[in-house]
Amino acid sequence: MTVTIITVCLNNDDLDQTIESIVKQSFEDFELIVMDGCSTNSRTIETLVKYQHHPKINIISEQDNGIYDAMNKGITKATGEYLIFVNAGDQLISENVLKAVTKHFNNEDIIYGNLQIEGDDFSLIKEYPSKLSFNYFLKDTLPHPSTFIKRSLFEKFGYYNCNMKISADWAFFINSICRNNVSYKHIPLVISLFKYDGISSKSENQELINNEKNNYLQKNFSAYMTDYQLLDRLESDRLALKNSRVRKYLSIIFKQLKVSEL
């Protein structure tokens, strides 16, 4: 069982840390494909030169039409049975993580673990559910730096949609899992460290993310969305009623406490 790690990069000062976390792996049956969008940053270029003759690394520097176009190009170059996207700035969590994770593989189509997220002033572990659903993907997605995808799924269901600038990996997951019912497995291990400074993390991009997701859902799951919106309204009404009853109950208790104090 072979793994292809795809790293997309453009002028990223942390590329060296990303590559180091990969080439130090105790698991040996992997290849790393670095898709560089013709970086001009001196530190990035130094890193690319540093690893250009490494036997496990294939560095490709060429213009692309965005991150998903670069990821798709990486897929076409991949030879591994499973693919994982650890882009520049992100890191595999430890030197033994690939060996630990691949021991859990049992021919599932998608295998995913947990993610350590780091920002300028915080660090947290995000745990993902073992059971996925359409409702889950309406609110969240899977972490591409901690998710292994069978290469054959891209051949079967198509590559990432380059018309989507931020949410194409989400669209791929919801299509594969919710529409085509591929097999999946959650491994309760932290696989990667994700730097909270990418395009999907920026608050100014939230409107674009919402628009991309809504357009995709209306185009591909319009019947589901009608039912979901109805259920969502009913759930909101139920919670509002529940909260109003709780508030009323607490109000009665507080009044009784005041009376008893007198």
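- In this structure Glu28 satisfies the salt bridge (charged side-chain N to carboxylate O under 4.0 Å, His left out) test with no other residue, sequence neighbours excluded.
- For Thr141, there are no side-chain hydrogen bond (donor to acceptor under 3.5 Å, both in side chains) partners two or more places apart in sequence or in a different chain.
- Side-chain atoms of Asp109 and Ile149, non-hydrogen and from C-beta on, never get closer than 4.5 Å to each other.
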Could you tabulate the donor-acceptor pairs under 3.5 Å formed by side-chain atoms of residues 66-76, not counting sequence neighbours?
from  : atom 1 : to     : atom 2 : distance (Å)
Tyr68 : OH     : Ile166 : O      : 2.5
Tyr68 : OH     : Ala168 : N      : 3.3
Tyr68 : OH     : Asp169 : OD1    : 2.7
Asp69 : OD2    : Asn65  : N      : 2.8
Asn72 : OD1    : Tyr160 : N      : 3.0
Asn72 : ND2    : Tyr68  : O      : 3.3
Asn72 : ND2    : Tyr160 : O      : 2.9
Lys73 : NZ     : Glu62  : OE2    : 3.1
Lys73 : NZ     : Gln63  : O      : 2.7
Thr76 : OG1    : Lys73  : O      : 2.6

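- Under the salt bridge (charged side-chain N to carboxylate O under 4.0 Å, His left out) criterion, Lys126 pairs with Asp140, sequence neighbours left out.
- Applying the salt bridge (Lys or Arg N to Asp or Glu O under 4.0 Å) definition to pairs two or more places apart or across chains, none involves residues 38-48.
- Using a 4.5 Å heavy-atom threshold, the side chains of Ile174 and Tyr216 count as touching.
- The shortest side-chain heavy-atom distance between Ile33 and Thr7 does not fall under the 4.5 Å cut-off.
- Closest approach of Ile93 and Leu193 over heavy atoms only: CD1-CB, 4.1 Å.
- In terms of the side-chain hydrogen bond (donor to acceptor under 3.5 Å, both in side chains) criterion, Asn211 has no residue partners (sequence neighbours excluded).
- Counting only residues at least two apart or on different chains, no salt bridge (Lys or Arg N to Asp or Glu O under 4.0 Å) pair has a member in residues 93-107.
- Side-chain contact between Leu217 and Phe134 is present, with at least one heavy-atom pair separated by less than 4.5 Å.
- The hydrophobic cluster around Leu10 extends to none of the other residues, as no ILVMFWY side-chain heavy atom falls under 4.5 Å of it.
- Annotation: cation-pi pair Arg151/Tyr82 absent, no NZ/CZ under 6.0 Å from the ring centroid and within 45° of its normal.
- Every residue meeting the side chain to side chain contact (heavy atoms under 4.5 Å, CB included) condition with Ser167, not counting sequence neighbours, appears here in chain and number order: Met164, Trp170, Ile209, Glu212, Lys213.
- Listed by chain and residue number, Asn96 satisfy the side-chain hydrogen bond (donor to acceptor under 3.5 Å, both in side chains) test with Ser26 (two or more places apart in sequence, or in another chain).
- Not counting sequence neighbours, Ser133 has no partner by the side-chain hydrogen bond (donor to acceptor under 3.5 Å, both in side chains) test.
- With sequence neighbours excluded, no residue forms a salt bridge (charged side-chain N to carboxylate O under 4.0 Å, His left out) with Lys56.
- Within the 4.5 Å cutoff, the side chain of Leu132 has no heavy atoms near those of the Phe173 side chain.
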